[in-house]
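Reading through the structure tokens given below for one structure.
Keep in mind the model is a prediction, meaning the values are calculated, not measured. Chain identifiers are assigned alphabetically (A, B, ...) following the order of the sequence lines, protein sequences preceding nucleic acid strands; residue numbering begins at 1 within each chain.
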2 protein chains.
Amino acid sequence: MEGTGKLGQGSEHNDENAPRVPVHQQVYAQLREAVLFGELAPGQAVTIQGLIERTGAGMTPIREAIRRLTSEGALEFRGNRRVVVPMLTADAIDDLIFLRETVESRLAAHAAEKITAPDITALEKIDAQVDEAITRGDVSAYLRQNFAFHAKLYAVANAPILMDVANSVWLRFGPSMRVVCGRMGTQNLPDNHKTALDALKAKDAEATANAMREDVVQGMEQIREALLDGTAFSDTID
Amino acid sequence: MEGTGKLGQGSEHNDENAPRVPVHQQVYAQLREAVLFGELAPGQAVTIQGLIERTGAGMTPIREAIRRLTSEGALEFRGNRRVVVPMLTADAIDDLIFLRETVESRLAAHAAEKITAPDITALEKIDAQVDEAITRGDVSAYLRQNFAFHAKLYAVANAPILMDVANSVWLRFGPSMRVVCGRMGTQNLPDNHKTALDALKAKDAEATANAMREDVVQGMEQIREALLDGTAFSDTID
DNA sequence: CTAATCAGAATTTGATCATATTTTTGTGGC
DNA sequence: GCCACAAAAATATGATCAAATTCTGATTAG
């Protein structure tokens, strides 16, 4: 295995005309994925030095990436100068549920008005992979494909500001989501995507919004229950 | 006047036990204010070099500040390496109105449940300064005090995630708000703070939420009208 | 003969890194 | 148990390299 997780587009066959991606963006993207899909546990510390070793990048681009993620709620300034993956409180999860409900259903409604046939095909393809991940019991794949479905819907909606809010919300519950799924497996996970797809095909904005709201609330309630139980998060130290 | 706008807490009498504020936070705070209160016009370019001269800081902390503000929607990546103060589109303003309505009324409801007597006193004090700014016709003071009122309410609500969203929304419409107020003066500006204060004193969450919703919608509609007219923003080149 | 366009040079700006300075933390001796 | 010292980590600066925009001037079309 490649192992180190270093950056850089490898020595092989550097795409010529590709507009090269700045290091700070690569670090940002990598760290963002790590948070979004729970590769970093809630409460875990994120240090500049650690990222220098992990990525091989210099310190300036790493600082920029950390600041960005902090502003987006993916990371949290903890007092002195320690940065950690935030842990969800009960109040926080309520606010996240509220935000996902309102923002995501509005995005869904927008999407229903603008969606095209190729978009629907793409969504169906992603949803098939969600199903496959569930039957396979592959938590990591489920998280990624489920997010891909929602992200595609955001892209169709074409509302950058709402999308920013939605993405920030995902970053905030991502780590906890992973912990919960890790415990419960993929059996009880929500998948109202079929209903949403039907509504999208009919270009029915309200029905689409309702389907997504249902999907969102079901998923988020599982996190809330697990969090209130206290069992799911007992291993993450403060 | 102090003139240069340089950072640093001056040579005089450096507060000993004050935990000194990192440069990147100072730059962030300064730039944030500039956007929030319209000292930078929509469409205006923001360069690293320019900020180095303006603030006297090194380039790393300035980069960090710019990344943060970009993530918060106060600035916008434009193409390859140009960062500008974003200009509002008609679609964007609709989304901002929606977000302010939903998020800010929820914050207001939270605040109504948690507010204490000293908080109310503080809010009344701020609101008095809002009134004074309006009668004086001082646009800049109005913008600052009006924001202070809402910010204080957010602080009372004690819901960090919702507050982040609200702050991001303010940063996005701040520059346009300034342009609109500059044209119209302070006469027709909304001030439903009295109604909100009455509701807060009664700890009536729903009434508080409604009052704030009213205040928000009134203010935002003015921006939308001005933006759709096209007159208010004609001087800002693309 | 004027004006517009394009190529190449020059200047400006951004990206990254290496280094110095300050702060925090951890450890051992008193 | 507390203070001092040492090691580690974060902050901040400036230098260096690369890329892009702007500027200039010449050539050509009208």
Next item on the list: Quickly work out the A:Leu75 CG to D:dA10 P distance and round it to whole Å.
Entry: 13 Å
Next item on the list: May I have the distance from A:His24 (atom NE2) to C:dG14 (atom P), rounded to whole angstrom?
Entry: 11 Å
Next item on the list: Using whole Å, report how far CD of B:Gln25 lies from C1' of C:dT22.
Entry: 16 Å
Item checked: Integer-rounded Å distance: C:dT13 P and B:Ile62 CD1 -> 13 Å
Check: Do side-chain atoms of B:Gln26 reach the backbone of B:Val21 as a donor and acceptor pair under 3.5 angstrom?
Finding: yes
Checklist line | Qualifying residue, where the test is side chain to side chain contact (heavy atoms under 4.5 Å, CB included) with B:Met177 and the options are B:Leu36, B:Ile223, B:Val139 | finding: B:Ile223
I'd like a table of atom pairs between the protein and nucleotides 17-21 of chain C - only N or O on both sides, under 3.5 Å - with the distance next to each one.
unit_1	atom_1	unit_2	atom_2	d
C:dC17	OP2	A:Gly58	N	2.7
C:dC17	N4	A:Thr60	OG1	2.7

Check: Given A:Leu75, which of A:Leu171, A:Val46, A:Val84 fulfils the side chain to side chain contact (heavy atoms under 4.5 Å, CB included) condition?
Finding: A:Val46
Next item on the list: Specify the separation, in whole Å, of atom CD1 of B:Ile52 and atom C1' of D:dA15.
Entry: 12 Å
Next item on the list: Assess whether atom NZ of B:Lys114 is packed by more than 12 heavy atoms of other residues, nucleotides or ligands within 6.0 Å.
Entry: yes
Notebook entry, point to check: Roughly, in whole Å, what's the span from CD in B:Gln49 to P in C:dA15?
Noted result: 11 Å
Item checked: Nearest-nucleotide pick for B:Ile48, side chain only, options being C:dT16, D:dT22, C:dG14 -> C:dG14
Check: Can you tell me how far P of D:dA10 sits from CD of A:Glu64, to the nearest Å?
Finding: 16 Å
Next item on the list: Would you indicate, yes or no, if D:dA10 has its OP1 or OP2 atom less than 4.0 angstrom from a side-chain nitrogen or oxygen of A:Arg67?
Entry: no
Notebook entry, point to check: Can you name the one residue among A:Leu189, A:Asn146, A:Thr186 that meets side chain to side chain contact (heavy atoms under 4.5 Å, CB included) with A:Cys181?
Noted result: A:Leu189
Check: Residues two or more places apart in sequence or in another chain: which of them pass ring pair (Phe, Tyr, Trp, His ring centres under 6.0 Å) with B:His24?
Finding: none
Item checked: Spacing of B:Leu51 atom CG relative to D:dT13 atom C1', expressed in whole Å -> 16 Å
